Structure formats: structure tokens, C-alpha cells
Amino acid sequence: MLGSRFRRVIINRPNLRIPFPPQFIERLRGKTVTAVSRRGKYLVIELSSGETLVMHLGMSGWFHVAGIGDRSREADPHDHVVFMMSSGQSVLFNDPRRFGFMDLAGRGQLAEYPALRKMGPEPLSKGFDGVALARACQGKRVSLKVVLLDQRTVAGLGNIYASEALHHARISPLRKASSIATASGAPKADAVQLAKSIKAVLTAAIRRRESPYRSARFRVYERDGEDCLRPGCGGTIKRLWQAGRSTFYCPACQR
Ligand SMILES: [Zn+2]
């Protein structure tokens with residue numbers, strides 16, 4: 001999309017998770033994509049008009065990019081949006097469960113965009129470390145897992161990798177968030193380790209994103225009832241619910 005112009009925009013329904021913004025098609029058509037980036041779980045596409053296209057894949061959303069003259073893809077009822085670019089390529093958004101969305105932030109409004117305004121540091125950036133994590137956990141009486149999923153703590157961490165990171169760090173998801181920080185918000189050793197573990201599991205996940213085998217990708221996620229993979233642990237992975245989300249962990253090695 002970068003450097004290309006929206007030649008035509010097709011939307012096949014009035015909404016995804018939320019309605020498309022007013023004049024969505026008109027505000028895209030003829031505009032050139034000047035930058036493509038990501039913040040947390042949001043895809044951020046800057047336009048020559050000064051507006052920004054903000055997109056989220058939700059649970060099941062994905063993009064299909066068709067090359068010039070490529071007609072090989074058969075029509076699918078879940079193809080909700082098609083961007084026909086001036087490059088000749090088409091970018092198609094497919095989302096069976098429709099938890100994804102597309103929205104436009106007005107000129108100069110991106111910094112104030114509600115979902116992005118209070119978002120925490122990117123997990124793989126220098127701005128995220130044990131100090132930042134401890135500060136976010138200071139005085140919080142809710143469980144550590146819940147604070148990890150809060151996008152104000154760290155951007156983009158989701159349910160799967162929150163569980164994976166806690167297992168990597170040998171820390172129980174049931175612990176109070178405040179337990180990894182001192183009363184003044186300084187990091188304890190667990191905060192430093194957990195920040196490192198978050199970076200480690202995300203970096204490893206990015207490296208093996210090609211793998212189609214889900215079970216091979218996770219050490220605890222959806223492995224309840226199976227043996228802990230930590231050498232010598234001997235524990236059994238358990239599943240529990242925290243704030244409406246499933247958590248997987250090993251009670252034997254996560255304390
Ligand atoms: Zn274990």
C-alpha cells in the first residue's frame with residue numbers, strides 16, 4: 001500500500017465490529033498512503049489528506065493481497081472490504097467473526113485517538129523494561145495477568161502471550177500485580193525477569209510465525225491437562241478464568 005493511491009474502495013456491509021466512519025469511501029479514495037505502521041494491535045495507515053486509517057484484525061481478521069491481474073481468489077462471504085490500489089494490487093480484508101474494525105482519525109487527531117491515547121510502551125522497545133512494568137503494577141491489587149492484558153501496561157500483549165510470558169518467568173498468574181514492585185514502585189527481581197520474558201516469548205513467536213502447528217508454538221496455552229514442558233518440572237498445566245479470559249499455567253513451577 002505504501003506510496004500507492006486508493007483507486008477504489010468497496011465495502012460489502014455497513015459495519016464490522018463498529019460501523020465504518022462517515023464518508024469512509026470518499027475519505028480514502030484518491031488519497032496516497034504515506035506511511036504504514038503499527039501501534040499495539042492497531043495497524044496505522046497515514047494518508048496524504050492528513051487523516052489516518054486505523055485498523056484492527058480482531059480475532060479472525062486477515063488481509064489478502066492480490067497482485068496485478070490476479071483473479072485467483074474466489075469470492076468469499078467474509079470478504080468485507082477491498083482496497084483497489086493505484087499500483088494495480090488489491091488489498092482485501094476478510095474477517096469471519098467480525099471483531100475487527102476500520103476507522104479514520106481526523107487530521108492531527110491520531111495522538112488523541114481513544115484506543116491509542118493511553119497505550120503503554122511497545123514491548124520490544126527500550127521504553128519497556130522492569131522499571132516500566134513495576135511502575136504499572138505499583139499498588140495494584142488485581143492479579144498480575146489482568147494487569148498484563150491492560151494495554152496501558154504494555155502495548156499489544158494479548159491473552160496467549162501473557163500466559164506464555166508468566167510461564168517463561170516462573171511467576172504465577174494469580175499473584176497480585178503489586179507483588180512485583182516495591183511500595184514506591186521500584187522493580188523487584190520478578191518485574192525485571194517478567195519484562196525480559198515478555199520480550200523473549202514475543203521475539204520467539206515472531207521468528208516462528210511461519211509454523212502452522214499451534215500446539216508446537218505454545219508452552220502452556222491450550223495445554224491444560226498436559227505435562228509442563230519445563231525440563232524436570234513434572235507439573236501439569238492447569239486452566240483457570242481471570243476477568244473472563246482463560247489463563248493457562250503450571251502450579252508446580254510458577255510461584
Ligand atoms: Zn512447570
Side-chain angles (χ1 to χ4, degrees), residues 40-41 57 59-60 120-183 185-255:
K41 300 173 189 173
L57 299 176
M59 301 289 286
S60 60
E122 288 290 326
L124 299 180
S125 72
K126 284 195 179 131
F128 180 69
D129 57 10
V131 174
L133 182 57
R135 206 182 301 125
C137 290
Q138 179 190 7
K140 298 252 170 72
R141 299 181 60 81
V142 294
S143 73
L144 202 41
K145 166 86 178 325
V146 169
V147 173
L148 288 183
L149 290 185
D150 185 335
Q151 301 294 294
R152 292 172 294 189
T153 305
V154 53
L157 193 68
N159 198 41
I160 295 174
Y161 291 105
S163 282
E164 294 290 309
L166 286 163
H167 181 263
H168 188 282
R170 298 173 175 253
I171 297 171
S172 170
L174 297 165
R175 284 216 350 225
K176 274 196 193 109
S178 59
S179 71
I180 66 168
T182 66
K188 292 186 183 171
D190 281 341
V192 174
Q193 177 56 55
L194 184 53
K196 281 184 186 162
S197 292
I198 289 168
K199 291 174 191 276
V201 298
L202 292 177
T203 301
I206 291 164
R207 280 207 198 102
R208 64 169 181 271
R209 63 194 155 184
E210 305 82 12
S211 170
Y213 305 109
R214 272 177 94 79
S215 58
R217 286 160 46 185
F218 306 128
R219 297 182 67 82
V220 290
Y221 186 74
E222 289 188 336
R223 292 194 63 251
D224 44 319
E226 297 178 34
D227 293 342
C228 178
L229 293 175
R230 193 187 305 284
C233 172
T236 302
I237 306 303
K238 284 208 162 23
R239 175 190 187 128
L240 54 86
W241 293 90
Q242 292 182 290
R245 308 296 303 275
S246 56
T247 296
F248 299 86
Y249 79 114
C250 173
C253 65
Q254 289 180 252
R255 297 303 173 117

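This structure is a prediction, so every number in the text was calculated from the model and none was measured. In each ligand, atom 1 is the first atom listed, and ligand 1 is the first ligand listed. Residues: numbered from 1 along the sequence shown.
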A.B. asks: Just grab all the side-chain hydrogen bond (donor to acceptor under 3.5 Å, both in side chains) pairs involving residues 242-255, residues at least two apart or on different chains.
C.D. replies: Ser143-Gln242, Lys145-Thr247, Gln242-Thr247

A.B. asks: Starting at OH of Tyr221, measure out to CD1 of Ile160 and round the result to the nearest 0.5 Å.
C.D. replies: 4.5 Å

A.B. asks: In the protein, how many N/O/S atoms are under 2.8 Å from the Zn ion (ligand 1)?
C.D. replies: 4

A.B. asks: Answer whether the closest heavy-atom distance between the side chains of Asp150 and Val142 falls below 4.5 Å.
C.D. replies: no

A.B. asks: Nearest 0.5 Å please: distance from the CD atom of Glu226 over to the CZ atom of Phe248.
C.D. replies: 10.0 Å

A.B. asks: Are Arg219 and Cys250 side-chain neighbours, meaning at least one heavy-atom pair lies under 4.5 Å?
C.D. replies: no

A.B. asks: Once you round to the nearest 0.5 Å, how far does CG of Leu124 lie from CD1 of Ile206?
C.D. replies: 5.0 Å

